[in-house]
Amino acid sequence: LYLADFQILEQVQAGRIPAPKFVYAPLALFAVDRDTGDLVPVAIQCAQQPGPTNPIFTPQDGWGWMIAKTVVESADGNVHEMVSHLGRTHLFLEPFAIATHRHLAANHPLGVLLRPHFEGTFAINHAAVEHLVNPHGPVDLLLAGTIDSSLALAATGVRSWPFNQARPPDTFSARGVDDTGALPNYPYRDDALLYWSAIRRWTAAYLSLYYPTALDLAQDYELAAWAQELVAQDGGRVVGFGEAGGIATLDYLIDAAALIVFTGSVQHAAVNFPQFDLMSYTPNMPLAGYAPAPA
């Protein structure tokens, strides 16, 4: 059994553009089909707290089940856009792009490695502020929350994603979806781990050329300044980054660089490129509700 819990949406205030909206924070329970290995939904509760006006819907509940599934899709769309996409790829990477620009020389090996993966980051994020997450803009119009609470949701998404716990193997383990025997059909996990393994091996081979000893790492003052800005309160404020106050080992630098590259390439591709296919047909994933959840 696997649970999708959208409790994070309880913090979102319902918007009113272009009409009064409803924000849902459901719980959705899935089981693995023994024959196909697929996840199938088996129960939905449309709000967090159980009670007589918040029943549990199952596939036997006809149109109630269909509406409950729509509630989950709406919640998933809001978390996807503001947390998984904007927060944990675009905003997650921006401090690293800024610190790289400020502290790593054009020929610094880490800068040479990372810069191609920051291409367009500043321009896209600036365009988003100006034309996407602006008052009365597309996010304000389409998503369930007010623009201020949607932006706060994105900020929560970043702050609740500690850097040192964001490596793909760690996230799959923490969520209990790493067991291929229990959950055989999870293409995102299987593809992501193939890419992660390849990126980390390549990153390790590359950085090992420039940091053959611990002393080489310790004497790199540009790298030290880069790491310091990332965690500074007047800098990147990256949650959970570093070890022993900075970067103390080559293994940590390899993991950090691999995660930055992975996020700017594989992860963003996974959450960005399939959006049109899944979300452009509104009945499949409406980004806001205009009626209360069924009671």
Nearest heavy atoms of Val71 and Pro294, plus distance in Å: CG2-CD, 4.3 Å

Partners meeting salt bridge (Lys or Arg N to Asp or Glu O under 4.0 Å) with Arg102 (sequence neighbours left out): Glu229

Results of side chain to side chain contact (heavy atoms under 4.5 Å, CB included) for Asp179 - residues two or more places apart only: Ala182

Any donor-acceptor N or O pair under 3.5 Å, side chains His80, Gln275: yes

Listed partners of Phe22 passing side chain to side chain contact (heavy atoms under 4.5 Å, CB included), at least two apart: Tyr24, Pro292

side-chain hydrogen bond (donor to acceptor under 3.5 Å, both in side chains) contacts touching residues 259-269 (sequence neighbours left out): His85-His268, His90-His268, Tyr188-Gln267

With Thr249 via side chain to side chain donor-acceptor pair (under 3.5 Å) - residues at least two apart: Glu243

Under the ring-ring contact (aromatic ring centres under 6.0 Å, His included) test, residues paired with Tyr210 that sit two or more places apart: Tyr206

ILVMFWY network linking Leu110 to Leu209, side-chain heavy atoms under 4.5 angstrom: yes

Output a table of donor-acceptor pairs, distance under 3.5 Å, between side-chain atoms of residues 39-59 and any protein atom two or more places apart or on a different chain; print 'none' if there are none.
unit_1 : atom_1 : unit_2 : atom_2 : d
Gln45  : NE2    : Ala47  : O      : 3.0
Gln45  : NE2    : Gln48  : O      : 2.9
Gln48  : NE2    : Asp5   : OD1    : 3.1
Gln48  : NE2    : Ala25  : O      : 2.9
Asn54  : OD1    : Cys46  : N      : 3.4
Asn54  : OD1    : Ala47  : N      : 3.2
Asn54  : ND2    : Ala47  : O      : 3.0
Asn54  : ND2    : Gln49  : O      : 2.6
Thr58  : OG1    : Gln60  : N      : 3.3
Thr58  : OG1    : Gln60  : OE1    : 3.1

Within 6.0 Å of CD in Glu119, more than 12 heavy atoms from elsewhere: no

Phe6 and Val79: CA distance, side-chain angles, deciding distance, side-chain contact (heavy atoms from CB on, under 4.5 Å) verdict: CA-CA 8 Å; Phe6 295 91; Val79 170; 3.8 Å; yes

Counterpart residues, side chain to side chain contact (heavy atoms under 4.5 Å, CB included), relative to Phe273 (two or more places apart): Ala269

Return all side-chain donor-acceptor pairs below 3.5 angstrom for residues 157-164, not counting sequence neighbours, or 'none' if the list is empty.
unit_1 : atom_1 : unit_2 : atom_2 : d
Ser160 : OG     : Arg88  : NH2    : 2.9
Ser160 : OG     : Thr156 : O      : 2.7
Ser160 : OG     : Gly157 : O      : 3.3
Asn164 : OD1    : Tyr252 : OH     : 2.5
Asn164 : ND2    : Gly240 : O      : 2.9
Asn164 : ND2    : Gly242 : O      : 3.0

Sequence neighbours excluded, every pair satisfying side-chain hydrogen bond (donor to acceptor under 3.5 Å, both in side chains) that has a member inside residues 140-151: Thr146-Ser149

Tyr195 atom OH, neighbour heavy-atom count above 12 within 6.0 Å: no

Contact summary for Leu91 and Ala154, nearest pair of heavy atoms: CD1-CB, 4.3 Å

Atom pair CG/OG1 of Asp190 and Thr180 - distance to nearest 0.5 Å: 7.5 Å

Aromatic ring pairing Phe172/Tyr186, orientation class (parallel under 30°, perpendicular over 60°, tilted between): perpendicular

Derivation of the side-chain contact (heavy atoms from CB on, under 4.5 Å) call for Thr100 and His108: CA-CA 10 Å; Thr100 298; His108 189 282; over 6 Å; no

Contacts of Asp170 that satisfy side chain to side chain contact (heavy atoms under 4.5 Å, CB included) - sequence neighbours left out: Arg167

Contacts of Glu94 that satisfy salt bridge (Lys or Arg N to Asp or Glu O under 4.0 Å) - sequence neighbours left out: none

Ile254 reachable from Leu104 in the ILVMFWY side-chain graph, under 4.5 Å edges: yes

Over 12 foreign heavy atoms within 6.0 Å of CZ, Arg175: yes

